[in-house]
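Heads up, the thing below is written out as structure tokens.
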Amino acid sequence: MPAIVWHDERMLEPSRRIPYRTWPGALAVLLAVAGYVGGLTFWNNHTPGSRPLAEGQTVAVGHARFVPASGWQMDVSRSKAGQSLMLFKGGHKFLVTTDPWAGGPDGPMVRQQRFMERGQGLRIDGDVSDFVTPWGLQGKTFAYYGPKLAGRFWQVVDLPRRSLVQIDFYGANDGLSDALVEARSMLESMDLEAPL
Amino acid sequence: VNLALFEQDQAAWPVGTDPFFQPHRAAFWLLVALIINGLFYTVQMLSMGFRVVPVTVLLGFLVWGGYTLAFLLAFRTLDLLEQHPPEAFVLAFAWGGLGAVYFAAPANIAIQSLCAKLVSPEFVAVWGPAVAGPITEEFLKLAGVILLILVARNQFQTYLSVLIVGAMAGLGFQVVENLTYTVNASMHFPLENQVYPVLLNLLMRGLLSGLWSHAAFTTIASFGLAWFMLHPERPMVTRLACAFLCFALAWAMHFTWNSPFLEDRFDDGFAGTALLLVVKGIPVMVAAGLFWRVAARESGAYLHALAACFVPERELIRDDEWVRLGAPVQRYKVRRAMGKAFGAPARRLKTQLQREQLRLIRIAGTYGRGPQTLRHEIAVRRIRAELDSLMKMQP
């Protein structure tokens, strides 16, 4: 291997503490970072993310499938293929999430309640209750509320498939009861037979 | 002639290198301001995590803190921390972990969201992390390295001095990102258990991915920056091309790492996943290793030239020690061999001797020989005498 010769002939000159300006370079870095992050955020905020859903057409996420109520649209930027599906109508959201179930039927529910209460500053309204849909889907549900929104959470554990489905409906108090009726209708249309 | 320059210094500006505390430089305040901004964001984020999963957060701090120490120990073992004063590494780590993470979060979300809107959610599920992560994170980590160079540019005289700062910025990013992932995973963990998410993340993100993650990527990108800075004699186009190519290489490796490439060749079980991570990580490790090697050789040539000029006394640096000045791994092997032959105290003394020699050369190279190097000269002689007597006492 050939010996390396130090490339800088000035090395044996003393290193001097010569004053220099850094503001042009610092400003360039700041503008580059702000331009990059701000530009992307601006572009994203000004790009519509809604996708209209055909009337009566079934949508699926993981094993879960259901028929969206009229007027609800898909929020593509907050949906993850195969994992979660976010629908919205006005200020109300309907989020379906599927995960593998890892055991403990109440575990995810307890974690969700703690996340809402301690993390998001929401309050659980009443007790957790059981529910059954006309399709035979059964699980647990609870209502919650906060300073600016209220909602209801449903959870279904499909033991044979070791699958967990969580449905979170929430939104502004204005028009909440009408939106909840539509959310319930979407839940009642749900089954866990979607092909993967 | 050069020695005379040090001894009869008539120039307008004092001899020496700038410290990293530079209250009169805009770059310093920008760096500090962005780090503090990131600190507020990170504390806020983790405090929410603490309210929901306190055990995870505390254990996460412990585990990822220990993980950071392991890296620092490795860097120290290879004498890489001798390149700069500690505040340089603190600033680099803080930039990576606080400043860069703060900006990376919204940029990554925006890119993935745009991909979902303009292409499809299915595309994001597969390619989102590969599209968003590399360009954002490599750019932001490198921005901090540039700011640090602006703060005290004459501290960066070798490739190695830039690479170690880049690696430290990458390590900071890696550790805070891992802590954040751990806390988020725990908040949405399907079981009522706060310890499993920490152990799972330590295994997958720390042990199986840690060596070929952000520290390695930023090392590669920083090499281009070092080359750009240390070759002013080359045409600007060449320097820019080198910086760009290294950045592109770091980006490409990060992209491949985040992409689903090769995933279909391995099963979803633990063994398959572990094998996939190793197979994808080895090229990154090899590339980063090559850059470290080139930088170490260049640093060795620099140290040889300095030592030949400023520390010619063979009792201070013997021939075999002189040869190994630019070979940190060989120096480590010598220490280990010394420990095996003469015990742990001999190994400790040899380590101290090697570090004192490096410090002596660096300070002599910066300020010339004189009162400022006397302490290190005495230390080298004292440690060598102790070491020699210890070796003579052994059978």
Side-chain angles (χ1 to χ4, degrees), chain A residues 1 3-8 11-30 32-34 36-37 40-45 47-49 74 76-83 85 99-104 106-108 110-112 114-115 117-120 164, chain B residues 2 5-6 9 11 13-18 22 25-28 30 48-49 51-52 103 106-107 109-114 116-118 120-122 124-125 136 139-140 143 146-147 150-151 153-154 157 187-192 230-231 297-298 300-302 304-306 309 365-368:
Chain A
M1 196 176 282
I4 288 185
V5 176
W6 177 246
H7 54 74
D8 190 349
M11 182 200 68
L12 299 181
E13 301 290 325
S15 169
R16 293 190 179 279
R17 300 188 57 192
I18 303 168
Y20 61 93
R21 288 182 310 176
T22 63
W23 73 262
L27 184 63
V29 171
L30 180 64
V33 171
Y36 180 78
V37 180
L40 281 170
T41 306
F42 179 84
W43 185 14
N44 180 41
N45 290 343
T47 304
M74 178 180 170
V76 290
S77 67
R78 298 182 68 183
S79 302
K80 284 186 182 172
Q83 293 174 40
L85 181 65
D99 279 307
W101 178 72
D106 293 332
V110 173
R111 183 62 57 92
Q112 183 65 34
R114 195 162 64 195
F115 178 65
E117 285 182 313
R118 297 187 191 174
Q120 298 178 313
L164 172 74
Chain B
N2 288 310
L5 260 172
F6 285 98
D9 187 25
W13 307 114
V15 168
T17 50
D18 292 336
Q22 290 292 345
R25 288 190 181 149
F28 173 77
L30 178 62
M48 189 185 94
R51 290 196 298 272
V52 182
F103 288 111
I109 288 170
I111 291 177
Q112 296 214 32
S113 174
L114 279 165
K117 291 170 183 176
L118 301 174
S120 71
E122 289 75 19
V124 174
T136 299
F139 162 62
L140 288 171
I146 293 171
L147 281 177
L150 282 172
V151 168
R153 67 184 181 198
N154 61 7
Q157 311 237 2
M187 284 200 287
H188 300 100
F189 201 62
L191 289 178
E192 185 54 21
L230 294 170
H231 289 281
R297 290 190 69 212
E298 188 248 17
Y302 171 75
H304 287 159
L306 283 182
C309 181
T366 304
Y367 300 99

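Letters A, B, ... mirror the listed sequences (proteins, then strands); counts begin at 1.
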> How many angstroms lie between atom CE of B:M187 and atom CD of A:Q112, to the nearest 0.5 angstrom?
Replying inline: 11.0 Å

>> Just so I understand: if I count every heavy-atom pair under 4.5 Å between each of A:N44, A:N45, A:I18, A:L164 and chain B, which residue has the most?
In response: A:N44

> For B:L150, is it the side chain, the backbone, both or neither that has a heavy atom under 4.5 Å from a heavy atom of chain A?
Replying inline: both

> Checking A:P48 against chain B: side chain, backbone, both or neither under 4.5 Å from a heavy atom?
Replying inline: backbone

> Closest approach of B:N154 and A:R17, non-hydrogen atoms and distance?
Replying inline: ND2-CA, 4.2 Å

> So which of A:W43, A:F115, A:Y20 has the largest heavy-atom pair count under 4.5 angstrom toward chain B?
Replying inline: A:Y20

> Of all heavy-atom pairs between B:A143 and A:V33, which one has the smallest distance, and what is that distance?
Replying inline: CB-CG2, 4.1 Å

>> Which one wins on heavy-atom pair count under 4.5 Å against chain B: A:D99, A:V29, A:T41?
In response: A:V29

> Looking at B:S113 and A:S77, what are the two nearest heavy atoms and their distance?
Replying inline: OG-CB, 3.0 Å

>> At a heavy-atom distance under 4.5 Å, which candidate from A:A34, A:G82, A:A26 has the highest pair count against chain B?
In response: A:A26

> Hey, does A:T22 have a side-chain heavy atom less than 4.5 Å from the side chain of B:R153?
Replying inline: no

> Can you find a pair of side-chain heavy atoms, one from A:Y36 and one from B:T136, that are under 4.5 Å apart?
Replying inline: yes

>> Between B:L114 and chain A, with a heavy-atom cut-off of 4.5 Å, which part of the residue counts as in contact: side chain, backbone, both or neither?
In response: both

> Measuring heavy-atom distances to chain B, does A:F42 have an atom under 4.5 Å in its side chain, in its backbone, in both, or in neither?
Replying inline: neither

> Given a strict heavy-atom distance threshold of 4.5 Å, which part of B:A27 is in contact with chain A: side chain, backbone, both, or neither?
Replying inline: both

>> Below 4.5 Å, heavy-atom pairs only: which of B:M48, B:R51, B:R25 has the largest tally toward chain A?
In response: B:R25

> Looking only at heavy atoms, what is the nearest atom pair of B:K117 and A:T47, with distance?
Replying inline: NZ-O, 2.9 Å

> What part of A:A32 is in contact with chain B, defined as an atom under 4.5 angstrom from a non-hydrogen atom: side chain, backbone, both or neither?
Replying inline: both

>> Which one wins on heavy-atom pair count under 4.5 Å against chain B: A:G25, A:P19, A:P100?
In response: A:P19

